[in-house]
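What follows is a single structure, written as structure tokens, with notes after it.
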Amino acid sequence: MTGAMTGAMTGAMLPEAVVFDVDGTLAETERDGHRVAFNRAFAAYQLELYWDIEHYGQLLTITGGRRRILAGLRERGIMRDDLDEFARALHRIKTDLFVEEVRRGRICPRPGVRDLVEDLRRHGVRIAVATTGTRAWAEPLVEHLLGAGTVEVAVFGDDVTELKPHPQAYRMALERLGVCAARAVAVEDSGPGLRAALAAGLATVVVTNDYTRHHALDGAALVREEFDHPWPLAASTLGQMLTVASR
Ligand code: XBP
Ligand code: MG
């Protein structure tokens, strides 16, 4: 039974699909995950570059690890003719390190995420992800966090030419699902992610974290700090957001 049919029968509108962001949304990957891997990659090249917790938070407005590295190198005045290629090489090392981290299975879902996904699936709502992160780590991470076969469509940073806040990743996810934006909801954690989802026409729920609490989140259908407090986010809540957004 589809989400729309279930909604028609219960009188509550449910989305046909929910598209989740990965970093910061499904799991807290940034501070103790990506950040550490970036710093280890810099150390591998003996670079005098280290991103502390606070500074890394500021750099998060730059989506995409390679672009973030490039900005970090420029910021530190590290100039070379092959700067683009150098950033690419550093990002390859960082990616390998983070893949290892994911394979160790140490990254946990944010509390309440699995319950929400299970509730959505029970109601026939289809699950997708749209991330600007690299497939090499994001694919195994999503499978580890949500279980094999849970996610029907996954769009990664490698699949798109424009990263968030551009809406390409969300548009691609909707196209692959064959679902129009008016029948789907996005779940994000950040300002750039919210802007991407809104530009693709999606009602968007934002569940913030320590890094994103202060982001400009105008236009979000709902802003929360947790999935499971003050009450657990469920399929019905996302359905209500869709109803409100369509008015
Ligand atoms: C996530 C990103 C990614 C990750 C690092 O943003 O911008 O760059 O921080 O992953 P979002 P990569 O959650 O909005 O998708 O190094 O693989 O890019
Ligand atoms: Mg995110």
Side-chain angles (χ1 to χ4, degrees), residues 18-42 44 51 53 55-73 87-103 107 109-110 113 128-142 145 151 154-173 186-200 202 204-217 220 223-225 227:
V18 174
V19 188
F20 285 87
D21 169 50
V22 178
D23 284 309
T25 301
L26 293 182
E28 301 273 15
T29 47
E30 295 290 3
R31 195 189 71 177
D32 301 328
H34 290 301
R35 187 184 69 90
V36 175
F38 282 118
N39 283 331
R40 286 176 65 199
F42 301 150
W51 288 341
I53 290 172
H55 187 50
Y56 186 70
Q58 290 153 11
L59 289 167
L60 280 177
T61 50
I62 302 157
T63 54
R66 188 188 58 78
R67 293 176 36 189
R68 198 171 297 143
I69 291 171
L70 205 50
L73 293 173
R88 211 175 283 282
L90 284 166
H91 190 238
R92 272 195 296 269
I93 295 179
K94 176 264 165 183
T95 299
D96 289 347
L97 291 166
F98 196 60
V99 167
E100 259 178 56
E101 196 58 25
V102 168
R103 298 227 181 266
I107 299 171
R110 287 184 69 177
V113 160
V129 297
T131 171
T132 54
T134 307
R135 177 188 293 269
W137 62 259
E139 198 166 42
L141 179 64
V142 168
L145 295 174
V151 170
V155 176
F156 303 103
D158 327 44
D159 299 328
V160 291
T161 50
E162 304 289 341
L163 303 184
K164 297 174 188 175
H166 194 283
Q168 194 182 8
Y170 277 105
R171 286 190 183 138
M172 197 177 275
V187 182
E188 268 288 349
D189 71 307
S190 72
L194 169 66
R195 291 205 296 285
L198 289 178
L202 288 152
T204 308
V205 172
V206 179
V207 187
T208 59
N209 51 53
D210 286 348
Y211 272 142
T212 64
R213 203 158 288 140
H214 62 283
H215 283 191
L217 300 172
V223 178
R224 298 261 303 235
E225 292 197 352
F227 282 88

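Atoms considered below: every heavy atom in the structure, side chains included; atoms not considered: hydrogens, waters and symmetry mates. All values derive from a computational prediction rather than experimental measurement. For reference, positions follow the sequence shown, starting with 1. For ligands, and for the atoms within them, numbers begin at 1 and follow the listed sequence.
- Here the Mg ion (ligand 2) has protein N, O or S atoms under 2.8 Å from it, and they come to 3.
- In summary, Lys164 and Asp21 engage in a salt bridge, as defined by a charged side-chain N under 4.0 Å from a carboxylate O.
- Interface of Thr131 with ligand 1, defined as ligand atoms under 4.0 Å from a residue heavy atom, comprises 15 (O).
- A donor-acceptor pair under 3.5 Å is absent between the side-chain atoms of Asp96 and the main chain of Ile93, judged by distance alone.
- Looking at Arg171, its side chain never comes within 3.5 Å of a backbone N or O of Ala200 through a donor-acceptor pair.
- Partner of Thr29 under the side-chain contact (heavy atoms from CB on, under 4.5 Å) criterion, chosen from Val22, Leu141, Thr131: Leu141.
- Side chain of Arg224 to main chain of Phe227: a donor-acceptor pair is present (N/O by atom type, distance under 3.5 Å, no hydrogens or angles).
- The atoms of ligand 1 that sit less than 4.0 Å from any heavy atom of Glu30 are 1 (C), 4 (C), 9 (O).
- The protein heavy-atom contact nearest to atom 8 (O) of ligand 1 is Gly64 N, 3.0 Å.
- Scanning Leu59, Asp21, Ile69 for the heavy atom closest to atom 11 (P) of ligand 1 points to Asp21.
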Discussion item. If you apply the rule side chain to side chain contact (heavy atoms under 4.5 Å, CB included), what do you find for Trp51 with Ile69, and how did you get there?
Written reply: CA-CA 10 Å; Trp51 288 341; Ile69 291 171; 4.3 Å; yes
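- For the pair Arg68 and ligand 1, the shortest N or O to N or O distance falls below 3.5 Å.
- Thr25 places a side-chain N or O within 3.5 Å of a backbone atom of Asp189 that can act as its donor or acceptor partner.
- If you check which protein heavy atom lies closest to atom 14 (O) of ligand 1, you get Lys164 CD, 3.5 Å.
- In this structure, atom 3 (C) of ligand 1 lies nearest to the protein heavy atom Asp23 OD2, 3.7 Å.
- When all heavy atoms of Gly133 and Asp23 are compared, the closest pair comes out as CA-OD2, 4.5 Å.
- A distance-only check finds a donor-acceptor pair linking the side chain of Arg110 to the backbone of Gly24 [under 3.5 Å].
- Ring-plane geometry between Phe98 and Trp137 is classed as perpendicular, the angle between the planes exceeding 60 degrees on a 0 to 90 degree scale with a lower cut at 30.
- Counted within 6.0 Å of CZ on Arg103, heavy atoms from surrounding residues, nucleotides or ligands total 12 or fewer; the atom is thus considered open.
- Ligand 1 lies out of reach of Arg67, whose nearest heavy atom is not under 4.0 Å from it.
- Between the side chain of Gln168 and the backbone N or O of Glu162 there is at least one donor-acceptor pair closer than 3.5 Å.
- Applying the side-chain contact (heavy atoms from CB on, under 4.5 Å) test between Glu225 and each of Asp210, Thr212, Asn209, Thr208 identifies Thr208 as the sole match.
- Among protein heavy atoms, the minimum distance from atom 2 (C) of ligand 1 is reached at Thr132 OG1, 3.3 Å.
- Proximity to His91 (heavy-atom distance under 4.0 Å) selects the following atoms of ligand 1: 12 (P), 16 (O), 17 (O), 18 (O).
- In terms of protein heavy atoms, atom 18 (O) of ligand 1 is closest to Gly65 N, 2.6 Å.
- Looking at Phe98 against ligand 1, nothing comes within 4.0 Å, counting heavy atoms.
- Close approach of ligand 1 to Lys94 (heavy-atom distance below 4.0 Å) involves ligand atoms 5 (C), 10 (O), 12 (P), 16 (O), 17 (O).
- In terms of N/O distances under 3.5 Å, ligand 1 is not approached by Ser190.
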